[in-house]
Every structure is written in structure tokens, then in C-alpha cells.
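Just so it is clear, the model here is predicted, and its values are computed rather than measured.
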Amino acid sequence: MKGALLILGRGIGQVMFQNNALSGLLMLVGILLNSWQMALLAIAGNVVSTLAAYFSGYSREDIRNGLYGFNGTLVGIAIGVFMPITVASLLLLVAGSCLSTWIARLFGLQRLVSGFTAPFIISVWILLVACNWMMPSLLLPSGDAVTAQTLSFLQAFCLNIGQVMFQGNTVLAGVFFLLGILVNSRINGLYTILGALLPIPFALLLGVDYAALNAGLMGYNGVLCAIALGDRTWKGGVWAVMAVLLSVLLQIGGMEWGITTLTAPFVVAVWIVAGLQQLDRKAKTETTNG
């Protein structure tokens with residue numbers, strides 16, 4: 001039982017790169033403070049995706065480290081965001097969580113790019129397309145456009161962190177997510193703050209409306225970018241900043257095109273910057289050898 005709880009906690013923590021059960025517990029508390037239903041859906045998605053990995057015979061070490069749980073966690077929460085809780089949507093949760101595990105395994109079989117949250121993105125996109133095509137009544141209607149006359153900086157900062165897991169209704173979720181990161185890694189905590197702060201002035205310069213900023217829609221990808229690439233070197237900080245800024249541009253572009261972006265701007269931005277890192281290392285090697 002203890003082992004299962006540790007796997008569950010790590011699976012939630014790994015959404016934000018924290019292989020720590022206490023981190024995951026604090027993040028789950030943050031979700032719970034926003035919605036007990038979303039908290040249960042997060043647990044359900046985590047459990048289903050982890051069991052799918054177990055019965056598929058995947059690496060037990062990866063399972064213990066929550067690497068097959070975090071995409072399912074996000075799939076579970078996404079079900080509550082895009083659909084009412086019904087038998088049909090719960091069945092889709094099971095299907096999507098299992099699918100995210102199998103897609104994660106496919107990413108693990110190649111070394112070109114890291115999967116990150118791509119299995120979650122692909123799984124939810126497939127579910128949304130299928131529902132639009134066959135069961136449009138299962139999808140919740142889009143909310144009315146919200147307007148805002150001023151920027152609420154604290155709200156934007158906290159929701160930039162909370163929206164990593166769709167938590168946009170309380171600043172407390174972002175606070176608990178940050179606490180969850182800090183108990184495991186102070187450097188990750190610092191980069192979380194950077195990733196949540198930097199998109200705000202950058203998006204303002206690009207003319208993004210206050211409502212999108214206040215809702216945390218411009219910064220959650222940046223948070224993930226900063227954690228993924230930031231380290232204790234100045235160069236790591238530069239790469240992280242590049243990815244954060246690129247993720248904002250990708251998010252704006254995706255929203256303009258009417259795309260349900262999820263965390264795709266984060267994944268694409270990090271893939272691009274990781275490619276630039278490889279080119280930089282190759283150039284240095286050739287210069288040294290030459």
C-alpha cells in the first residue's frame with residue numbers, strides 16, 4: 001500500500017519534473033483546493049495509466065518513479081475540464097490514460113526527442129476530435145469570453161503555475177504547486193518563479209489582453225520550459241529564457257488559430273531549444289577538434 005501511494009505521489013509530481021511523492025501530495029492538495037472532482041480525476045488518470053504500464057510489462061523502475069503516471073494525471077484532469085462527469089466521459093478517461101501510457105512507451109523507444117507531456121497532448125487531442133466527430137454533446141460548451149481592464153499581477157503569477165494542471169480558479173493551487181517543487185529542489189523552484197514571471201511583461205509587450213494574462217494562459221508553458229532546461233549554469237539559464245519566450249509566442253499563435261494548445265507550446269519550444277543546444281555542442285566539438 002505504501003509503495004502504491006509513493007508511485008501515485010511521484011506520478012503527480014512528475015507533471016512538473018519532481019520525482020518526489022511529497023511534491024505530488026502538495027500538488028494534489030493544490031488541485032483539491034480548486035476542485036475535489038478534479039483531484040479525484042487526477043488520481044484516477046494516474047492509477048489507470050500506471051496500471052496500463054504495469055500490465056504492459058514496462059520498466060518497473062520507471063513505473064516506481066511515476067514516469068507512466070504523470071501523463072495519465074493530466075488526461076484525467078482534462079476530462080473534467082472538457083466534459084461533464086458521466087459514464088461515457090469516465091470510459092474515455094480510461095481509454096485516454098491507457099493511450100497516454102502506450103504513446104509514452106513509443107517515445108521511450110527513440111532517442112531523437114524526449115516525450116515530456118506529448119503523450120497527454122496527443123491522447124487528449126484524439127479524444128476531443130473523436131468527441132467532436134461522434135459525440136459532440138459530450139463536450140462542455142466553451143465559456144463566454146472574459147474581459148479585464150487591469151492586470152492582476154499576483155493572480156497572473158500564481159495561475160501561470162496552477163494552469164500547468166488546469167487549475168485556473170484559485171491562486172492557492174499555484175502556491176501549493178510551487179511549495180511542492182521547493183520541497184524537492186530549490187533550483188527548480190527558482191526556475192518555476194522565473195518561468196511564471198517572465199511571460200507577463202513579454203506578453204504585455206506583445207499586446208496580449210489582460211484577461212488571458214490574469215487567467216494564467218500565457219505562463220504555464222513557460223513554467224515547464226524553465227524547469228526542463230534550467231540548471232545552475234548561466235548557459236542553462238539562457239536556454240531556459242529562450243524556451244520560455246518561444247513558448248509564449250507559440251501559445252499566442254495557437255490561441256489565434258483556435259487550437260486547444262494544452263502544453264504543446266512547452267513541448268515544441270523545448271524540442272526546438274534542445275535542437276539548438278545540440279547544434280551548439282556540435283559546433284564547439286568541431287572547433288575543438290579542428
So, the side chain of [X] versus the backbone of [Y]: is there a donor-acceptor pair under 3.5 Å, distance only?
X	Y	value
Ser56	Ala53	no
Gln167	Met165	yes
Tyr54	Arg60	no
Gln155	Asn214	yes
Ser23	Ile181	no
Asn160	Ala156	yes
Gln163	Ala215	yes
Arg186	Val183	no
Ser114	Phe116	no

Hey, are the side chains of [X] and [Y] touching, using non-hydrogen atoms and a 4.5 Å cut-off?
X	Y	value
Phe157	Val171	no
Glu61	Asn65	yes
Arg281	Gln277	yes
Phe177	Val223	no
Pro84	Leu140	yes
Leu32	Leu28	no
Met255	Leu217	yes
Thr261	Leu250	no

Legend entry - Phe202 CZ: over 12 foreign heavy atoms closer than 6.0 Å: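 Result for CZ/Phe202: enclosed.
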Legend entry - Atom CH2 of Trp102 with >12 non-hydrogen neighbours under 6.0 angstrom: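 Open.
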Legend entry - Within 45° cone of Phe70 ring axis and under 6.0 Å: Arg10 NZ or CZ: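 Ring-cation test returns no.
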For the student: nearest non-hydrogen atoms of [X] and [Y], plus distance:
X	Y	value
Thr101	Ser49	OG1-O, 2.8 Å
Tyr191	Ala240	CE2-CB, 3.9 Å
Gln18	Ile227	NE2-CG2, 4.2 Å
Pro199	Val248	CB-CG2, 3.6 Å
Ile103	Ser123	CD1-OG, 3.7 Å
Ala269	Leu246	CA-CD2, 3.8 Å

Inset, instruction - Drop me the distance from Ile193's CD1 to Leu182's CG, to the nearest 0.5 angstrom. - result: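 Answer rounded to 0.5 Å: 6.5 Å.
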Inset, instruction - Find the distance between CG (Leu198) and SG (Cys225) and round it off to the nearest 0.5 Å. - result: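 Going from the CG atom of Leu198 to the SG atom of Cys225 covers 10.5 Å.
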Legend entry - Any pair counted as salt bridge (Lys or Arg N to Asp or Glu O under 4.0 Å), so long as it reaches residues 212-237, sequence neighbours left out: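 Residue pairs passing salt bridge (Lys or Arg N to Asp or Glu O under 4.0 Å), neighbours aside: Lys235-Asp280.
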Inset, instruction - Identify, with sequence neighbours excluded, every residue that meets ring-ring contact (aromatic ring centres under 6.0 Å, His included) alongside Phe120. - result: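 Result, ring-ring contact (aromatic ring centres under 6.0 Å, His included) vs Phe120: none returned.
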Inset, instruction - Using only heavy-atom distances, determine whether the side chains of Thr263 and Thr117 contain a donor-acceptor pair under 3.5 Å. - result: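 Side chains of Thr263 and Thr117: pair found under 3.5 Å.
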Inset, instruction - Give me the other members of the hydrophobic cluster that Leu109 sits in, counting Ile, Leu, Val, Met, Phe, Trp and Tyr linked by side-chain heavy atoms under 4.5 Å, directly or via other members. - result: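 Cluster partners of Leu109: Leu106.
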Inset, instruction - Apply the test side chain to side chain contact (heavy atoms under 4.5 Å, CB included) to residues Ile200 and Met218: give CA-CA distance (whole Å), side-chain angles for both, the deciding distance (0.1 Å), then the verdict. - result: CA-CA 7 Å; Ile200 297 174; Met218 289 299 113; over 6 Å; no
